[in-house]
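A quick write-up on the structure given underneath.
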Amino acid sequence: MAQPLLLPLPRQIAITSEPQPLVDSASIYIADTALVFAAQTAQTALRDHARRTWTIRTGIPATNTALHLRLDATLPPQGYQLRVADSVISISGSDSAGVYYGVLTLTQLLRFYGEMLPDLTINDHPDFPVRGVMLDISRDRVPTLPNLYALVDLLASWKLNQLQLYMEHSFAYAEHPTVWRYASPFTPQEILELDAYCRQRHIDLVPNQNSLGHMERWLKHPEYRAYAECPDGFIGDFGDHMGERRPATSLNPIDPASIALMSSLYDDLLPHFSSPLFNIGGDEPWELGQCASRSACETHGRGRVYIDHLLKLHEEVSARGRRMMFWADVILKYPDLLAEMPRDAIALQWGYSAAESYDQHAPKFAASGLAFYVCPGTSSWNSLSGRTANALGNLLDAAQSGLAHGAAGYLITDWGDRGHWQPQPISYPGFAYGLALAWNVAANRDLNLPAALDHFVFNDSAGIVGQVLLDLGNLYQFNGLAYPNGSLLFFLLQLNDHDLNAFITNLDTHVVTDRFFGIDPAALDQVRAQLSDLRVRLAHARMRCADAALIHDEIALVIDLLAHACARGLAFSDAEAHPIGALLTDLENLIAQQRLNWVARCRPGGLKDSLLRFEPLLRQYRGQVSATPSYL
């Protein structure tokens, strides 16, 4: 008998009969009032997908009860059993979250079967106790509340139970309006309401405020320069920023004023979250040891200075009754210091390349006894279209390694580097596949992802958009276009000729890839042909989701921007054969569409900064010279 399409696929499912009609009038019985929201969720699903109106009751079960929701402490944590027998449904959960997850599965069954359900039994529980998503809301894009609520509902339907909003300057701190004035930040009331919305859906909304590096949105203002490690900026010594002067990004870790600043921010931010957790960030303090802390780093070691800062932050976090989480990239360079981290801290092991396995570092955390999450990514950033093969490989490797080494959680990161140009749908494949793996690796490793996306996201009866999105995300694989954390097609839109030459030259191609990295006209022509085909296929989609028109426009714009990147690349390699005269008008029209698409999901704050990322190329097209490197 054919299996229903479910996301995530459950651990065990046995179907024992053909579908039978549900009764027209019945009751939903809850054995505990804590299950009211789960019952309401089931009630809505029955109405929307089976045209049944069933009432909710507790106390004594009615004789016409056709859906039983109850607690069963013998089931595994967050686990549930869903049974259908002669059109009577029973869902038992280890706790209220387990019952809710059973109801979510019932909702998907009703969506698949309609008013006819077969007899079946599902036994299910998660591999990872924490299954989360982290959204970057500090690289210009700050979602509107309606859009964020809709995304929470979508991710909750796939059994997400943790959400983090990565913040640098996008919370309206009472004493710091200079920093967030033009960012359209989240207000305290909005966080309180979002927190309640998430709790109802068994999602832990975890506060996330970077507390060392990535503080450039603060340090660029005169009144905050004194907090910087390098107030006058620093010389980049990594990747494509090699040798470039960059503005200050990191706090001075040896200045007590830095701790005092973060302490005051924590006092303002944390009361709006009910979560017992708090992510203080701490990743990528690029200039640590170059300026204010140079002498301390030379005397005691860079790792010692770094961990001392973390330990001070831990005291502040603990004093406020929270459990500290931190990004683990720096401490992994000094693994001997793992033993000094407080035992209640949670290390967040991130890594975004499918070629670099989590097995390289996960055993170190397992041996240290420190709780840790594996944190793969959607690979959406620095690409516009995503990087499908890398994302899926990265997500699967993190799940397999995390499960093997006892990771306490699985957190999917969705970053917005360099202006957050990619629209939200580009991240859906990573969210869907990652959350499926986080629930159960074995059952979902070979998930039919295009079908799942078409069914659960796009409601595309033509079955087109899911595969279009995955194919679009694989264009980075053409010769010369692969970049370790993005795609050359993306940088063809952000860098002028001078900086593009420097970008390609600065990369060590023997480290980055074993293939040619640069402008390959033949590959660009192939990509343009693929993009044209994707545009035609997209036109034949039959999406019926609430935001279908917007999704079409967002994907179409990605296709058109990448086509422009190909044209620009061909002009870069042979200016005489490909004059740039028509490119200026084309890019200006594409930017206008980017502006329209942006405000349909996101707040206006940050849009100006994001669109400025097009300026180096626009200036080049206009024959103007820019003194500012387009890296910045």
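These numbers come from the heavy atoms of this one structure, side chains and all, not from hydrogens, waters or symmetry mates.
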Donor-acceptor contact below 3.5 Å, side chain [X] vs main chain [Y]:
| X | Y | value |
| --- | --- | --- |
| Tyr352 | Thr378 | no |
| Thr249 | Gly213 | no |
| Tyr100 | Thr41 | no |
| Ser275 | Asp204 | no |
| Ser293 | Leu288 | no |
| Asn394 | Gly351 | yes |
| Gln349 | Ala328 | no |

Side-chain heavy atoms of [X] within contact of [Y], under 4.5 Å:
| X | Y | answer |
| --- | --- | --- |
| Ser383 | Gln422 | no |
| Glu229 | Asn252 | yes |
| Tyr149 | Tyr197 | yes |
| Leu7 | His455 | no |
| Leu46 | Leu106 | no |
| Arg601 | Pro143 | no |
| Gln108 | Phe456 | yes |
| Leu160 | Arg201 | no |

Check residues 330-342 and write down every donor-acceptor pair under 3.5 Å in which the side-chain atom is one partner and the other belongs to a residue at least two apart or another chain.
from, atom 1, to, atom 2, distance (Å)
Glu340, OE1, Arg304, NH1, 3.1
Glu340, OE1, Arg304, NH2, 2.7
Glu340, OE2, Arg304, NH1, 3.0

Please list, chain by chain and in numerical order, all residues satisfying salt bridge (charged side-chain N to carboxylate O under 4.0 Å, His left out) with [X], sequence neighbours excluded.
| X | answer |
| --- | --- |
| Glu190 | Arg603 |
| Asp344 | none |
| Arg320 | Asp267, Glu316 |

Taking only residues two or more places apart in sequence, or in another chain, which ones meet [X] in a side-chain contact (heavy atoms from CB on, under 4.5 Å)?
| X | answer |
| --- | --- |
| Leu71 | Asp32, Leu35, Val99 |
| Pro61 | Tyr29, Thr65 |
| Ser379 | Arg387, Asn390, Ala391 |
| His405 | Asp359, Ala362, Pro363, Ala366, Phe372, Ser401 |

Please step through side-chain hydrogen bond (donor to acceptor under 3.5 Å, both in side chains) for the pair Tyr166 and Thr413, ending with a clear verdict. CA-CA 9 Å; Tyr166 170 76; Thr413 61; over 6 Å; no
What is the distance from atom [atom1] of [X] to atom [atom2] of [Y], rounded to the nearest 0.5 Å?
| X | Y | atom1 | atom2 | value |
| --- | --- | --- | --- | --- |
| Ile122 | Ile13 | CD1 | CD1 | 4.0 Å |
| Arg141 | Asp414 | CZ | CG | 10.0 Å |
| Gln43 | Ile56 | CD | CD1 | 4.0 Å |
| Ser380 | Phe431 | OG | CZ | 7.0 Å |
| Leu277 | Ile346 | CG | CD1 | 5.0 Å |

Is any NZ, NE, NH1 or NH2 atom of the basic residue among [X] and [Y] found under 4.0 Å from an Asp or Glu carboxylate oxygen of the other?
| X | Y | value |
| --- | --- | --- |
| Asp609 | Arg217 | yes |
| Arg199 | Asp195 | yes |
| Asp48 | Arg111 | no |

Residues that Trp180 engages under side chain to side chain donor-acceptor pair (under 3.5 Å), provided they are two or more places apart: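 For Trp180, no residue satisfies side chain to side chain donor-acceptor pair (under 3.5 Å) once neighbours in sequence are set aside.
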Should we count CZ of Arg323 as having more than 12 external heavy atoms under 6.0 Å?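 Yes, the 6.0 Å shell around CZ holds more than 12 heavy atoms from other groups.
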Tell me whether Glu223 at atom CD has more than 12 heavy atoms from other residues, nucleotides or ligands lying less than 6.0 Å away.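 Counting neighbours around CD of Glu223, more than 12 heavy atoms of other residues, nucleotides or ligands fall under 6.0 Å, so yes.
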Polar side chain donor-acceptor pair, [X] to [Y], under 3.5 angstrom:
| X | Y | result |
| --- | --- | --- |
| Ser211 | Tyr266 | yes |
| Asp124 | Trp439 | yes |
| Thr178 | Tyr224 | no |

If a pair satisfies salt bridge (charged side-chain N to carboxylate O under 4.0 Å, His left out) and one of its residues is in residues 158-180, list it, with sequence neighbours excluded.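 For residues 158-180: Arg139-Glu168.
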If you draw the axis of the six-membered ring of Trp381, does the NZ or CZ of Arg418 fall within 45° of it and under 6.0 Å from the ring centre?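 No cation-pi geometry.
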Residues Gln81, Thr121; criterion side-chain hydrogen bond (donor to acceptor under 3.5 Å, both in side chains); working and verdict: CA-CA 7 Å; Gln81 181 183 75; Thr121 300; over 6 Å; no
Tyr410 and side chain to side chain contact (heavy atoms under 4.5 Å, CB included): which partner among Leu435, Leu395, Val441?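 The option that passes is Leu395.
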Check the angle between the aromatic planes of Phe171 and Tyr173 and answer parallel, tilted or perpendicular using the 30° and 60° thresholds.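 Rings of Phe171 and Tyr173: perpendicular, over 60°.
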Name all residues meeting the ring-ring contact (aromatic ring centres under 6.0 Å, His included) criterion together with Trp158; count only those two or more places apart in sequence or in a different chain, and write none if there are none.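 If we apply the ring-ring contact (aromatic ring centres under 6.0 Å, His included) test to Trp158, skipping adjacent residues, there are no hits.
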In chain order, what residues pass the disulfide bond (SG atoms under 2.5 Å apart) check against Cys602, with sequence neighbours excluded?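 Scan of Cys602 (disulfide bond (SG atoms under 2.5 Å apart), adjacent residues dropped) gives none.
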